[in-house]
**Student:** 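The structure's right below; bear with me while I get my questions together.
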Protein chains: 2
Amino acid sequence: MDKQTVTIYDVAREAAVSMATVSRVVNGNPNVKPATRQKVLDVIDQLDYRPNAVARGLASKKTTTIGVIIPDLTNSYFSELARGIDDVALMYKYNIILASSDENHDKELQVVDNLTAKQVDGIIFMGNQVSKDLRDAFNRANAPIVFAGSVDPEHQSPSVNIDYVAAVTDAVAKLVSRGNRRIAFVTGSMDESINKDYRLKGYKQALSSKRIGYDEGLVFQTDYSYKAGYALAKALQDVKATAAFVGDDELAAGVLNGLTDAGVNVPEDFEIITSNDTRFTEISRPTMSSITQPLYDIGAVSMRLLTKLMNNEEIGDKTVVLPYGLKKRQSTK
Amino acid sequence: MDKQTVTIYDVAREAAVSMATVSRVVNGNPNVKPATRQKVLDVIDQLDYRPNAVARGLASKKTTTIGVIIPDLTNSYFSELARGIDDVALMYKYNIILASSDENHDKELQVVDNLTAKQVDGIIFMGNQVSKDLRDAFNRANAPIVFAGSVDPEHQSPSVNIDYVAAVTDAVAKLVSRGNRRIAFVTGSMDESINKDYRLKGYKQALSSKRIGYDEGLVFQTDYSYKAGYALAKALQDVKATAAFVGDDELAAGVLNGLTDAGVNVPEDFEIITSNDTRFTEISRPTMSSITQPLYDIGAVSMRLLTKLMNNEEIGDKTVVLPYGLKKRQSTK
DNA sequence: ATATTAAAAGTAAGCGGTTTCATGATTGCT
DNA sequence: AGCAATCATGAAACCGCTTACTTTTAATAT
């Protein structure tokens, strides 16, 4: 059944050297005479030897595998991050064990323990609630963690982000400056720190700096889906909002289309700014103005940071903040 | 540095049994006296022992890890499949090593060898060209492969799909029945078997059954991106096409918006049917008519099939064909 | 030539489990 | 009570590689 696999031992025998020597050439250890190295290399080639990564992992305690915890694969925001992660992981020869969390606490816990059992060398976490349990699980993992495009409210773990507060402040201020007084704040669950502690803060900040009162009735929490956004159209009209900041592009597309289908003209009667500048912002009609963030880079930088951590390199600031912007498209005047 | 990890040996000592016994209880082997089992379980609990999956993998030659080769994480078609895969993988306790191929041959090759080195128990492949080299790499992997939402033109590997030929035939026939005579065929590279051998066949079939000549000038190959589609608008008008079948939703959205922005009314002046029924079809305006496929299920079934294969279970037909449909939305009359 | 040092190669002990096989403890029967 | 059959456990080999340590070989110095 099993195809005969050739092991380091076979190579050693065939090349008439010890396993140690073979291991050395495989690992690029310089303490090998060129002639010997060549001989071994030839045998490796001839036998088509391929080192068993599992054995290697056990012996060296390094698996060259990292875990990536992602709330939702099908959400562009996360998949763009993942792409950045993936690319630099490849660059540094790490493999990725992808683990979906569905933003579900128990699942996250289980997933982390799982990754720990698999002895990953590091973990990239996307998600926005970190319970004590989860923190414990992280610690058990005995591997560095970095938060990618996700915020660690307690600033215990390294993370790479944009300045969410400032970004939202800017976005909402823009809406205000266009004369909007009743600006809805539409995001996912307020249990998520990014919403509760960052975005909402930016929202309030923008309002108060313009002397606009905060009205809780304008705050909508729902899930990050097109459908959820679409369904929100009526409520938005009911509260007489004339604009909205939305925390997710797909959600924003839903809001946009829901409103449009309800006969509301965007941007004339209602302005929308969304958050992630994913492809949805271009595809929808009207196209959507958005906060822009370097999604790919957030992923890439996270992974790069992780490699440093795994390498025990000194790193400066544990939290890196990437620049954001505001892109005007058709959903704002 | 390293946190003290507790091993099976520690548990054995503490519980005053042998490692073998601990191993047995961990693995649910029935040959353990209930009292002993309980004692061991208690110690495991007390010591917070967690088996090292790498060691396990080496000893048992099973890693409970599978490889998933995906051309593009950010493409909804694939990420929807991946979600299905992920869910049932979780169900069966498998972890996923995600490997992006970018639909690039060399990368695919490297990736497969990589997964092989990591001793994955199985592989799910998405992609549409299988060179001899790649086939060889698959064989070396010594692990079952299944093609998910991708076609193996030589029918050597198990796969789960829809009937692409029939689906495209239906779609194009629908366009014809609306009176369109010049129907463009817009997809990705013709190097991909799914395009060259399946979709195109369906296209031709639909035309010839309606006695419409095949015009190569109506066939467009490009990459699966919004931009590419958008850029195609002019060419589409130049060849005087009045409708198009498009092989990817994002691409279709590009075509749609490109046309719209060029002043062409969809569907009045130009009808579009796309292929994957992803969320883009709902978000665009007008919404897009599409072939419907059970994306999640294709992924899920693929994974389920893989588990059977890994388990050496007898399976009936190596290629499972799931039902497709046609969903009329606003991009067709 | 010989002593000293550095470079190259080998030995073998793990890494943390699984699993085969042997052995001792139980149980069932007559 | 005596013996076979069954169950529960332990001993130890092994999975395929890395690595600390030792030995051998080569190079340089004296």
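Note that the coordinates shown come from a computational prediction; the quantities given were computed from them, not determined experimentally. Every chain is numbered from 1 and lettered A, B, ... according to where its sequence line falls, protein lines coming before strand lines.
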**Student:** Can you check the B/Q119 CD to D/dG16 P distance for me, whole Å?
**Tutor:**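 Spelled out: CD on B/Q119 to P on D/dG16 is 8 Å.
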**Student:** Please report, rounded to the nearest Å, how far the C1' atom of C/dG17 is from the CD1 atom of B/I44.
**Tutor:** 13 Å
**Student:** Any side-chain heavy-atom pair from B/L134 and B/Q129 closer than 4.5 angstrom?
**Tutor:** no
**Student:** Give a yes/no on whether any side-chain N or O of B/S23 is located under 4.0 angstrom from OP1 or OP2 of C/dT18.
**Tutor:** yes
**Student:** Report the C-alpha distance between B/N52 and B/T7 in whole Å, list the side-chain angles of each, state the deciding distance to 0.1 Å, and finish with yes or no for side-chain contact (heavy atoms from CB on, under 4.5 Å).
**Tutor:** CA-CA 8 Å; B/N52 179 324; B/T7 73; over 6 Å; no
**Student:** Closest approach to the side chain of B/T7, judged atom by atom: which nucleotide of C/dT18, C/dG17, D/dC17 is it?
**Tutor:**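 Nearest listed nucleotide: C/dG17.
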**Student:** Can the ring centroids of B/F125 and B/F138 be said to lie less than 6.0 angstrom from one another?
**Tutor:** yes
**Student:** So what does A/S60 hit on the nucleic acid, given a heavy-atom distance under 4.0 Å: a base, only sugar-phosphate, or nothing?
**Tutor:**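 Touches sugar-phosphate only.
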**Student:** Please state how far atom OH in B/Y9 lies from atom C1' in C/dT18, giving the value in whole angstrom units.
**Tutor:** 18 Å
**Student:** How far apart are the closest heavy atoms of A/E14 and A/V43, and which atoms are they?
**Tutor:** CB-CG1, 3.6 Å
**Student:** Thinking salt bridges, do A/D10 and A/R13 make one under a 4.0 Å N-O criterion?
**Tutor:**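 Here A/D10 pairs with A/R13 in a salt bridge, since their nearest N and O are under 4.0 Å apart.
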**Student:** Would you call B/D136 and B/R140 a salt bridge, taking side-chain N to carboxylate O under 4.0 Å as the test?
**Tutor:**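 No, no charged N to carboxylate O under 4.0 Å.
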**Student:** Rounded to whole Å, how long is the line connecting atom CG of A/N142 with atom P of C/dG16?
**Tutor:**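 So the two atoms are 12 Å apart, to the nearest Å.
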**Student:** In whole Å, what is the span from the CD1 atom of A/I8 to the P atom of C/dA12?
**Tutor:**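 Value for this atom pair: 17 Å.
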**Student:** What string of B, S and - do you get for nucleotides 4-11 of chain C 5' to 3' if you count protein non-hydrogen atoms under 4.0 Å?
**Tutor:** ----SBBB
**Student:** Check the phosphate of D/dG16 against B/K61, side-chain N and O only, distance under 4.0 Å to OP1 or OP2. Yes or no?
**Tutor:**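 It does, given that an N or O in the side chain of B/K61 lies less than 4.0 Å from OP1 or OP2 of D/dG16.
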**Student:** Rounded to the Å, how far apart are A/K118 NZ and C/dG17 P?
**Tutor:** 14 Å
**Student:** When the distance from CZ of A/R13 to C1' of D/dG16 is rounded to whole Å, what number comes out?
**Tutor:** 14 Å
**Student:** Does OP1 or OP2 of D/dT18 have a side-chain N or O of A/N27 closer than 4.0 Å?
**Tutor:** yes
**Student:** By nearest atom, which of the nucleotides C/dT18, D/dC15, D/dC17 is closest to the B/L58 side chain?
**Tutor:**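 Comparing C/dT18, D/dC15, D/dC17 against the side chain of B/L58, the answer is D/dC15.
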**Student:** Any ion pair linking B/R83 and B/D86 (charged N to carboxylate O, less than 4.0 Å)?
**Tutor:**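 Judged by the 4.0 Å cut-off on N to carboxylate O distance, B/D86 and B/R83 do not form a salt bridge.
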**Student:** Given atom CZ of B/R50 and atom P of C/dG17, what is their separation to the nearest angstrom?
**Tutor:** 13 Å
